[in-house]
2 protein chains.
Amino acid sequence: MPKLGAEPIRKAALINAAIFEVGRAGSLDVTVAQIARRAGMSPALAHHYFGSKEQIFLAAMRYILRTYGQSVRDALPGRGPRGRLDAIVRASFAPQNFQRETVSAWLNFYALSFVSSDAARLLRIYHCRLRSNLIVALRGLSDHPEQTADTLGALIDGVYLRTVLTPGPTDADAALTTVLSYLEEALS
Amino acid sequence: MPKLGAEPIRKAALINAAIFEVGRAGSLDVTVAQIARRAGMSPALAHHYFGSKEQIFLAAMRYILRTYGQSVRDALPGRGPRGRLDAIVRASFAPQNFQRETVSAWLNFYALSFVSSDAARLLRIYHCRLRSNLIVALRGLSDHPEQTADTLGALIDGVYLRTVLTPGPTDADAALTTVLSYLEEALS
DNA sequence: TAACGTTAATTGAGTGACCAATCAAGAACA
DNA sequence: TGTTCTTGATTGGTCACTCAATTAACGTTA
């Protein structure tokens with residue numbers, strides 16, 4: 001049933017499936033066959049479009065990064081410095097970015113950066129951008145914007161980690177409260 | 001060269017090798033052959049003593065947990081509440097517990113808890129114990145000991161994560177400073 | 001518009017590599 | 001002699017990746 005223009009649709013389906021499967025398994029140890037099956041196609045087709053499993057993972061990582069970056073950018077404009085700060089933090093816990101599978105996949109892609117230099121590059125870019133966004137937003141609010149930014153970044157990662165590890169439904173509100181309370185203390 | 005009493009020595013060597021290899025690879029995706037080779041023996045012997053790869057991982061996880069718990073206990077006695085708090089935090093960044101490979105292995109064993117219920121059990125016990133240790137130590141120092149304990153726990157995990165991801169030598173001092181500065185702010 | 005060649009989409013059936021786990025057997029000690 | 005230690009060889013299974021073949025859409029041209 002070959003309809004033309006299947007490529008972007010198939011690729012998107014594979015990326016979603018990869019995020020879901022990695023998130024579900026809690027590790028990168030998922031087979032191309034699993035991903036392809038969830039995306040509703042044969043493993044051969046997945047290889048046809050992406051060439052290798054690593055390329056699927058990298059595309060998924062880029063997708064998550066892009067989605068996150070977009071939701072930060074959407075939330076930024078037209079507020080004071082404190083508003084910008086809030087926006088960044090809130091974006092980290094917004095529903096699109098805080099599904100259990102997404103967060104779990106995200107953490108597992110961290111691990112990919114040990115093996116793949118492409119993944120390491122993506123991650124470094126993301127980290128630097130988040131850090132400089134935070135530092136800019138913190139200027140004038142904190143006495144040591146850089147230290148506060150580093151603490152805040154680490155805290156967000158840690159909360160992600162614990163969210164994934166805690167069984168049951170993810171509680172975005174609790175996570176957000178933890179981080180915002182820290183900010184409240186740090187900026188007063 | 002069969003000398004008697006090799007079992008504990010061989011097991012210890014395998015546990016060390018497993019931590020090192022998992023830490024180095026940044027994932028649980030290491031073969032029994034790799035672990036055995038680093039420990040200076042054949043893969044068959046590793047299976048002989050541990051039965052399965054999962055058992056090797058679990059033993060390594062227990063070892064890390066025991067070492068950490070011991071260094072906390074060593075540092076606890078004979079101080080005020082604030083001293084106890086410091087002791088717990090400092091133990092987390094003490095040299096035995098803060099080698100890059102150890103921290104990396106530790107984070108990867110987190111992931112094991114998705115797959116292995118034994119690993120999940122170990123992890124839950126550790127988390128509860130750390131949390132209650134922190135809450136007790138925070139009583140009288142913080143207005144909301146539980147919230148502070150959760151934030152502190154997440155922050156430590158996050159700092160671990162970032163330490164592993166940052167290339168170059170691990171900087172225990174910087175990590176410690178980040179966490180202690182947070183405490184300073186939170187308790188004032 | 002009908003016939004035809006080109007290209008995209010799709011998969012079943014491999015292939016080769018790797019790996020966890022087993023086993024039988026040898027070697028050294030008590 | 002029996003027990004512990006040790007390993008080479010083997011097995012069964014899994015998986016990433018390839019290939020050849022099929023099907024259907026599209027463009028072209030007579």
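Everything quoted here is computed from the prediction, not taken from an experiment. The chains referred to below are lettered A, B, ... by the order of the sequence lines, with proteins before strands, and numbering in each begins at 1.
- Between B:Arg24 and B:Glu21 there is a salt bridge, since at least one side-chain N of the basic residue sits less than 4.0 Å from a carboxylate O of the acidic one.
- Going from atom NE2 of B:His48 over to atom P of C:dA24 covers 15 Å, rounded to whole Å.
- Judged purely by distance below 3.5 Å, without hydrogens or angles, the side chains of A:Ser27 and A:Asn108 never pair a donor atom with an acceptor atom.
- Here the side chain of B:Met41 is nearest to one of C:dT11, C:dA20, D:dT7, namely D:dT7.
- Rounded to an integer number of Å, the gap from NZ of A:Lys11 to P of C:dA9 is 11 Å.
- Rounded to whole Å, atom P of D:dT10 lies 18 Å from atom NE2 of B:His47.
- In the set C:dT10, D:dA16, C:dC19, C:dT10 carries the atom at the smallest distance from any side-chain atom of A:Arg10.
- Minimum atom distance to the side chain of A:Lys53 is reached by D:dA16, of the listed D:dC5, C:dA20, D:dA16.
- As judged by a 4.0 angstrom heavy-atom cut-off over every strand, B:Tyr49 is placed among residues touching the sugar-phosphate backbone only.
- For the pair A:Leu45 CG and D:dT18 P, the computed distance is 14 Å after rounding to whole Å.
- Side-chain atoms of B:Ala44 lie closest to C:dC23 of the nucleotides C:dC23, D:dT6, D:dA16.
- If you take CG of A:Leu14 and C1' of C:dT10, they are 13 Å apart, rounded to a whole angstrom.
- Here the nucleotide nearest the side chain of A:Ala6, chosen from D:dT6, C:dT10, D:dT7, is C:dT10.
- In the set D:dC17, C:dT10, D:dT7, the nucleotide with an atom closest to the side chain of B:Ser42 is D:dT7.
- Salt-bridge check for A:Arg38 with A:Glu101: failed, with every basic side-chain N at 4.0 Å or more from each acidic carboxylate O.
- Residues B:Gln147 and A:Thr178 have side chains that never bring a donor and an acceptor to within less than 3.5 angstrom of each other.
- Straight-line distance from the CZ atom of B:Phe50 to the P atom of D:dT6: 14 Å, rounded to whole Å.
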